[in-house]
Number of protein chains: 2
Amino acid sequence: MEPSTATAALTDDVGFLLSRASGNFVRASNAALLSHGLRVRSYSVLLLACGTEEGISQRDLAAVLGLDPSQVVLLVDELAESGLVERRPSDTDRRTKLVVATPAGRQVRAAAVGDVASAVTGQLTELTATEQFLLRNLLSRLALGAASLPPV
Amino acid sequence: MEPSTATAALTDDVGFLLSRASGNFVRASNAALLSHGLRVRSYSVLLLACGTEEGISQRDLAAVLGLDPSQVVLLVDELAESGLVERRPSDTDRRTKLVVATPAGRQVRAAAVGDVASAVTGQLTELTATEQFLLRNLLSRLALGAASLPPV
DNA sequence: CGGTATTGTGGAGAGTGTCAACGATGGAGG
DNA sequence: CCTCCATCGTTGACACTCTCCACAATACCG
């Protein structure tokens, strides 16, 4: 009944497929962002910074992106040096620094979002619109549901 | 019709979800493989080496895994040092070295495959059996379909 | 006021992706 | 046969990523 364990093909492993697909998307997105001077990581930070008017703390950035706070420091440093975001002190907590997008940052984002979208859709050409919607649904439950589950 | 571009939530981005989900699976699998002295990468190589009797060339390993051949060298080195695989010269091409699993390698794989499976299913608890099958289907078309497609 | 937790920051170490070059071998063509 | 080119494994380099530890400044709680 279970001879598959003997010949467990790697191409049937969800983890392997996830890894491959993720790598394809990252590569395609990075290529699309190259001309904008961004990479996937910094682009994500820029997106989140553009998402609010008053800014987002670096701790929240790390939590949403699933990154270590020390990585966020470097990403914000890079974006700040390019003048796309700036660190604004919070008026309620002097520890937190709110990352807000500058007008230049919003402009770059507006210019890049189309290229990224076309790169993503280029990867999704194999799937119908319904399948894409379904995939997004399944992935969001996988990515966010089990994200913060400690082993025990 | 398209106000989503203005508020394009990161949690709706397929690439971001893929990256997060993939990271979760890799982390869980690595944790499961820790007691077996393996990691996801070396485990994949061991799986493929166990898949054939006569062995698999390192070039084929790299192609199947989507890795650079130089990475395969280190992975095979590591497995060979642990005595789980060995490099056997091909009798048809003296350049290629066929990676074959040793009895010890097959034993380790047999012991590890269960732990990896439970780690994977632990990540998939959010999905029904039908959804898991569907996800595998969609991902395989994403991962393998656009894998080797050069941009132009 | 004093102890503890949180936020941002810096640094170390391992793992990974990508690329260039090289020796050894195989294959095709003169 | 000999020469040119492609392929396989290998090494090295470089940048990026992940994970952890430590620290100063600040907030919060008793």
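Numbers restart at 1 for each chain; the letters A, B, ... are given by sequence-line order, proteins then strands.
- A sub-4.0 Å separation between OP1 or OP2 of C/dG17 and a side-chain N or O of B/Arg41 is present.
- If you take CG of B/Asp68 and P of C/dA21, they are 14 Å apart, rounded to a whole angstrom.
- In this structure, of C/dG10, D/dG12, C/dT6, it is D/dG12 that holds the atom nearest to the side chain of B/Ser70.
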Report task. Could you go through the side-chain contact (heavy atoms from CB on, under 4.5 Å) check for B/Leu47 and B/Arg109 one step at a time? Result -> CA-CA 7 Å; B/Leu47 265 192; B/Arg109 172 202 155 277; 3.5 Å; yes
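- Contact annotation: B/Gln71 does not reach the phosphate of C/dT18 (side-chain N/O to OP1 or OP2, under 4.0 Å).
- Of the candidate nucleotides C/dG8, D/dC18, C/dT16, C/dG8 has the atom nearest to the side chain of A/Lys97.
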Requested in this report: Apply side-chain hydrogen bond (donor to acceptor under 3.5 Å, both in side chains) to the pair B/Ser90 and B/Thr92, showing each step before the final yes or no.
Outcome: CA-CA 5 Å; B/Ser90 166; B/Thr92 65; 3.1 Å; yes
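- Among the protein residues, B/Asp93 comes within range of the sugar-phosphate backbone only, with heavy atoms under 4.0 Å from sugar or phosphate atoms but none that close to a base.
- Side-chain polar atoms of A/Asp60 and A/Ser57 form a donor-acceptor pair below 3.5 angstrom.
- OP1 or OP2 of C/dT7 has not a single side-chain nitrogen or oxygen of A/Arg94 nearer than 4.0 Å.
- Between the side chain of A/Arg59 and the base of C/dT7, no donor-acceptor pair of N or O atoms lies under 3.5 Å.
- In this entry the distance linking CG of A/Leu75 with P of C/dT9 reads 12 Å, nearest Å.
- Between the CD atom of A/Glu78 and the P atom of C/dT9 there is a distance of 15 Å, rounded to whole Å.
- Salt bridge absent: B/Glu78 and B/Arg41 never bring a charged side-chain N and a carboxylate O closer than 4.0 Å.
- Judged by distance alone, the side chains of B/Asn30 and B/Arg27 never bring a donor and an acceptor atom under 3.5 Å apart.
- Side-chain N/O atoms of A/Arg27 include one lying less than 4.0 angstrom from OP1 or OP2 on C/dT18.
- Taking atom CG on A/Leu65 and atom C1' on D/dC18, their separation rounds to 14 Å, with Å as the unit.
- We find that CG of B/Leu34 is positioned 15 Å from C1' of C/dG15, with the value rounded to whole Å.
- When the P atom of D/dT26 is taken as reference, atom CG of A/Asp91 falls 16 Å away, rounded to whole Å.
- Minimum atom distance to the side chain of A/Arg95 is reached by D/dA27, of the listed D/dA27, D/dC8, D/dC18.
- One atom, CG of B/Leu67, and another, C1' of C/dT16, lie 9 Å apart when rounded to the nearest Å.
- The CG atom of B/Asn30 sits 16 Å away from the P atom of C/dA14 (whole-angstrom rounding).
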